[in-house]
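Keep in mind that this is a model prediction, so the values were computed, not measured.
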Amino acid sequence: MSVDEIFEKLLSSESIFKNKRVLSHDYVPEILPHREREIQKLAYILATALKGGKPSNVFMYGKTGTGKTAVARYVLKKLSERGERLGLDLSYAYVNCRYRKTNYRVLVKICDEIGCVGLPETGLPTDAIFDKLIRYIDMKEKLVIIILDELDWLVKTSGDDVLYQLTRINNELDRSQVSLIGITNDLKFREYLDSRVLSSLSEESIVFSPYNAQQIYDILKQRAEMAFRDQVVEDSALRLAAAIAAQEHGDARRAIDLLRVAGEIVERNGDSKLLEKHILMAKDEVEKDLIEMTVSELPLQEQLILLSIVKAHNNRNGSKKVTTGIVKSIYEEICHELGYKPVTLRRINDIISDLEMLGIISAPVVSLGRYGRTKLIHMEVPVKSIMKVFEKEERFSDVLAENNKK
DNA sequence: TGTCCACTGGAAGGGAGGGCTT
DNA sequence: AAGCCCTCCCTTCCAGTGGACA
């Protein structure tokens with residue numbers, strides 16, 4: 001089929017989607033099923049703002065896809081609508097720390113969100129940005145609510161300095177006030193925090209438990225009705241998607257991804273109904289895409305280490321364990337062959353930790369007694385998807401060719 | 001019971017690539 | 001242009017450690 005034909009086909013056939021945007025990550029529906037309790041609690045806390053007071057800081061915990069972000073956005077949206085009607089000056093900033101791992105970038109993003117735009121991505125002292133933020137907020141008499149999503153990433157990579165400053169920002173403000181909402185999916189995260197920051201941040205806390213299959217089904221049903229034309233989606237397909245997502249610790253976002261990708265597959269194939277088989281196809285595609293994208297965006301050294309880990313697993317005869325030391329020696333061989341300068345063991349160790357954070361590998365520290373202490377490295381994703389990325393990279397072709405010979 | 005392996009992971013710092021202010 | 005300060009990736013140095021083995 002030529003490109004023209006593809007376009008033609010897509011345009012001429014009636015889309016199975018009614019409103020595809022409903023299935024995107026940042027869409028917040030009018031009704032959030034099974035989160036009534038959490039919404040109420042957050043609304044109670046934030047309602048203080050409507051009377052001109054400063055709401056308590058809130059800490060929200062819960063695994064990925066349990067609705068934390070959606071609840072926060074939902075309540076904030078309602079709050080600012082209501083605030084507007086009452087003539088209150090209220091604004092909020094949403095920052096996902098996963099994509100802005102430094103203090104500086106988080107601050108710039110906050111400024112950006114509340115309308116203080118045009119700050120450079122790099123260059124200024126962090127303090128200068130902080131001052132700008134304070135001055136901007138204090139310009140008008142207003143309440144600013146800052147949502148810090150995936151806060152654990154920020155604290156793990158650059159400490160809690162900014163968090164500390166933010167929890168104390170009200171001392172610096174004369175006319176305005178700031179409330180913080182911290183969101184994390186790492187339940188052990190509290191341990192990393194300075195106790196002053198923790199107590200200030202968790203004046204209130206809300207815990208989100210994972211959805212079960214029935215609840216995910218309800219969510220999917222709601223979205224499917226909005227997203228697809230009538231009679232397109234089979235109920236069994238929704239059940240299956242819900243079951244798959246429930247297995248993976250009740251992640252509703254994953255379930256919605258499955259539904260969206262399945263819809264795309266249906267459309268691509270020119271089918272008219274979304275069935276169980278499409279969900280299964282979507283499952284593979286979603287996983288593969290995610291892994292391939294992650295791996296292909298890794299910096300050179302991280303790719304080299306990952307390649308070494310994959311090789312170590314391939315070479316492993318029988319029960320030989322893959323440890324940091326083994327990866328290091330294979331990595332050094334590969335660097336030698338390809339003419340790269342190898343990084344030190346200390347750096348390798350950090351890279352292994354990074355790969356673990358990304359979920360590509362698991363690397364718990366174990367003690368082998370007499371044989372020392374090390375990380376025991378396992379693959380957490382199919383090797384095939386990783387290799388697919390490396391095979392496309394010309395710079396690795398030499399090592400891979402030799403690998404195939406063996 | 002103590003030793004000692006093979007690391008782990010904190011701390012400090014450097015230098016390349018970049019932007020801001022003066 | 002100089003002098004700061006930023007991030008990112010990396011190095012050097014080193015104290016700390018769980019548990020198999022002698």
Reported CZ-to-CD1 distance for the pair A:Arg175 and A:Ile137, which is rounded to 0.5 angstrom: 12.5 Å

Show each protein N/O and nucleotides 8-12 of chain B N/O combination with a separation under 3.5 Å, one pair to a line.
{"from": "B:dT8", "atom 1": "OP1", "to": "A:Thr324", "atom 2": "OG1", "distance (Å)": "2.5"}
{"from": "B:dT8", "atom 1": "OP1", "to": "A:Lys375", "atom 2": "N", "distance (Å)": "3.2"}
{"from": "B:dT8", "atom 1": "OP2", "to": "A:Asn349", "atom 2": "OD1", "distance (Å)": "3.3"}
{"from": "B:dG9", "atom 1": "OP2", "to": "A:Lys375", "atom 2": "NZ", "distance (Å)": "3.0"}
{"from": "B:dG9", "atom 1": "N7", "to": "A:Arg346", "atom 2": "NE", "distance (Å)": "3.2"}
{"from": "B:dG10", "atom 1": "N7", "to": "A:Arg346", "atom 2": "NE", "distance (Å)": "3.4"}
{"from": "B:dG10", "atom 1": "N7", "to": "A:Arg346", "atom 2": "NH2", "distance (Å)": "2.8"}
{"from": "B:dG10", "atom 1": "O6", "to": "A:Arg346", "atom 2": "NE", "distance (Å)": "2.7"}

Distance alone, cut at 3.5 Å: any donor-acceptor contact between the side chains of A:Asn349 and A:Lys375? yes

A:Tyr340 OH to C:dC9 C1', straight-line distance once rounded to whole Å: 16 Å

Looking only at side-chain N and O atoms, does A:Asn57 offer a donor or acceptor that is under 3.5 Å from a partner on A:Ser179? no

If I take atom CD1 in residue A:Ile305 and atom C1' in nucleotide C:dC10, what distance separates them, rounded to the nearest angstrom? 12 Å

Considering only nitrogen or oxygen atoms on both sides, find all protein atoms under 3.5 Å from nucleotides 20-22 of chain C and state each distance.
{"from": "C:dA20", "atom 1": "O4'", "to": "A:Arg370", "atom 2": "N", "distance (Å)": "3.1"}

Calculate the interatomic distance between A:Ile129 atom CD1 and B:dT21 atom C1'; express it in whole Å. 14 Å

Taking CZ from A:Arg347 and C1' from B:dG13, how many angstroms apart are they, rounded to a whole number? 15 Å

What I want to find out is whether A:Arg168 reaches A:Glu172 closely enough, with some N-O distance under 4.0 Å, to be called a salt bridge. no

Can we say A:Arg135 and A:Asp138 salt-bridge, meaning some charged N sits less than 4.0 Å from an Asp/Glu carboxylate O? no

Nucleotide C:dC9, atom P - distance to CD of A:Gln301 in whole Å: 11 Å

Classify A:Pro342 by what it touches in the nucleic acid, base, sugar-phosphate, or nothing, heavy-atom distance under 4.0 Å. sugar-phosphate

Under 4.0 Å between a Lys/Arg side-chain N and an Asp/Glu carboxylate O for A:Arg253 and A:Asp257? no

Measure CG/A:Leu107 against C1'/C:dC5 and give the value in whole Å, please. 15 Å

Using 30° and 60° as the class boundaries, would you call the ring planes of A:Phe396 and A:Phe390 parallel, tilted or perpendicular? perpendicular

Strictly below 4.0 Å, N to O, side chains only: are A:Glu30 and A:Lys77 in salt-bridge contact? yes

